[in-house]
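Data first, discussion second: the structure below is written as structure tokens.
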Amino acid sequence: MIYLIPIITALLGWIIHHLAAHTLFTRILPARQQALAQQLGAFAGQQLSFSTIKSKLTDPEKIKNIIPLVEAHLDTFLREKLPKAMPVLSMFIGDSIVNQIKSHLVAELDTLFPVMINQYLDNVEKDLNIEKMVAEKIAGISAEQLQQISQQLLGNEIKKFKLLGAFTGFISGLIAVILLHFFI
């Protein structure tokens, strides 16, 4: 009967760790969700500055990548839509003039786009609060979703935590059996 002690203590260790993990995810985490949301929002706000986002969005290479799309749109506009809207003008505009207008407009837009995008992002920056957005999103997650996300992220660690409880319980039981042998 004395040799069942390590098995019983292993089971008790597992149960205690299971209850601790369950309490963490069903009681403590939901109760601290607002504080967690604020802290994660502050962290995101510090790590993800708007200037970083702005520099990525105004990268000259990224802006140059949209020029072919603009050029194609201008070509369609000048060759199809403008003649339909202004038939008299189409009599004076041939391919060479369309190409000249298009090349001048594209060159102008190439210099105008960075200015426009910067101005737009300056306006957006006034209204965009990353810290607040992240905090509100996390605070708006239901308790069930928070539990589910946490358990998905920490599933293996929770299993290891429970096994650690069983292992420490088993070791404690072995030590108790050994000590009982010496004192009995």
Side-chain angles (χ1 to χ4, degrees), residues 10 12-78 81 101-169 171-172:
L12 286 173
W14 185 87
I15 290 171
I16 290 169
H17 279 76
H18 174 77
L19 290 174
H22 180 73
T23 302
L24 174 67
F25 291 112
T26 59
R27 306 241 190 279
I28 297 171
L29 195 58
R32 303 272 302 138
Q33 183 174 358
Q34 296 301 318
L36 178 66
Q38 295 302 320
Q39 289 176 339
L40 287 174
F43 178 75
Q46 291 168 355
Q47 298 301 313
L48 190 62
S49 70
F50 193 80
S51 61
T52 304
I53 295 170
K54 188 175 179 179
S55 69
K56 296 272 187 198
L57 293 174
T58 57
D59 178 13
E61 286 301 313
K62 294 204 183 337
I63 293 173
K64 286 188 191 278
N65 288 337
I66 63 172
I67 295 298
L69 175 67
V70 171
E71 196 170 349
H73 185 76
L74 280 174
D75 194 56
T76 301
F77 175 77
L78 292 171
K81 292 181 181 178
I101 292 172
K102 189 170 65 171
S103 68
H104 287 294
L105 282 173
V106 168
E108 188 64 28
L109 290 174
D110 196 28
T111 58
L112 181 62
F113 278 159
V115 175
M116 284 175 35
I117 292 171
N118 268 319
Q119 180 63 47
Y120 175 75
L121 292 175
D122 285 344
N123 293 336
V124 168
E125 184 176 15
K126 295 173 189 169
D127 298 330
L128 186 68
N129 184 338
I130 295 170
E131 181 176 332
K132 183 179 175 186
M133 287 173 51
V134 170
E136 286 175 352
K137 288 291 183 185
I138 293 171
I141 295 173
S142 72
E144 293 80 25
Q145 287 175 314
L146 186 60
Q147 284 178 338
Q148 187 179 28
I149 291 167
S150 300
Q151 289 176 346
Q152 285 175 347
L153 289 172
L154 301 172
N156 288 335
E157 286 75 13
I158 293 169
K159 288 177 186 174
K160 291 175 186 175
F161 179 69
K162 291 176 184 179
L163 288 174
L164 176 65
F167 178 73
T168 55
I171 297 298
S172 299

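No side-chain donor from either of His17 and Lys162 sits under 3.5 Å from a side-chain acceptor of the other.
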Let me have the donor-acceptor pairs involving side chains of residues 58-70, under 3.5 Å, with sequence neighbours excluded, atom names and distances please.
from	atom 1	to	atom 2	distance (Å)
Thr58	OG1	Lys54	O	2.8
Asp59	OD1	Glu61	N	3.4
Asn65	ND2	Glu61	O	3.3

Can you give each donor-acceptor pair under 3.5 Å made by side-chain atoms of residues 133-142, sequence neighbours left out, with the distance rounded to 0.1 Å?
from	atom 1	to	atom 2	distance (Å)
Ser142	OG	Gln145	N	3.1
Ser142	OG	Gln145	OE1	3.3

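At a threshold of 4.5 Å between non-hydrogen side-chain atoms, the residues Ile53 and Leu57 count as touching. Contact annotation: the side chain of Ile15 approaches that of Leu19 to within less than 4.5 Å [non-hydrogen atoms, C-beta and beyond].
Residue-environment remark: CZ (Phe167) stays at or below the threshold of 12 foreign heavy atoms within 6.0 Å.
The CD1 atom of Ile130 sits 11.5 Å away from atom CD of Gln47, with the distance rounded to the nearest 0.5 Å. Within the model, atoms CG of Asp122 and CD of Glu125 stand 6.5 Å from one another, a figure rounded to the nearest 0.5 Å. Here Phe161 contributes atom CZ and Leu24 contributes atom CG; the two are 8.5 Å apart, rounded to the nearest 0.5 Å. To the nearest 0.5 Å, the span separating CD on Gln151 from NE2 on His22 amounts to 9.0 Å. Remark: Gln147 CD to Arg27 CZ distance equals 9.5 Å, nearest 0.5 Å.
Minimum heavy-atom separation, Ile158 to Ala21: CG2-CB, 4.1 Å. Residues Glu71 and Lys102 approach most closely at O-CD, 3.6 Å, considering heavy atoms.
Annotation: side chain to side chain contact (heavy atoms under 4.5 Å, CB included) contacts of Ser150 (sequence neighbours excluded): Phe25, Leu29, Leu146.
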For Gln38 and Lys132: C-alpha separation, side-chain torsions, deciding distance, then whether side chain to side chain contact (heavy atoms under 4.5 Å, CB included) applies. CA-CA 8 Å; Gln38 295 302 320; Lys132 183 179 175 186; over 6 Å; no
Step by step, would you call Leu74 with Ile101 a side chain to side chain contact (heavy atoms under 4.5 Å, CB included)? CA-CA 9 Å; Leu74 280 174; Ile101 292 172; over 6 Å; no
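Judged by distance alone, with hydrogens and angles left aside, the side-chain atoms of Asn118 form a donor-acceptor pair with the main-chain N or O of Pro114 at under 3.5 Å.
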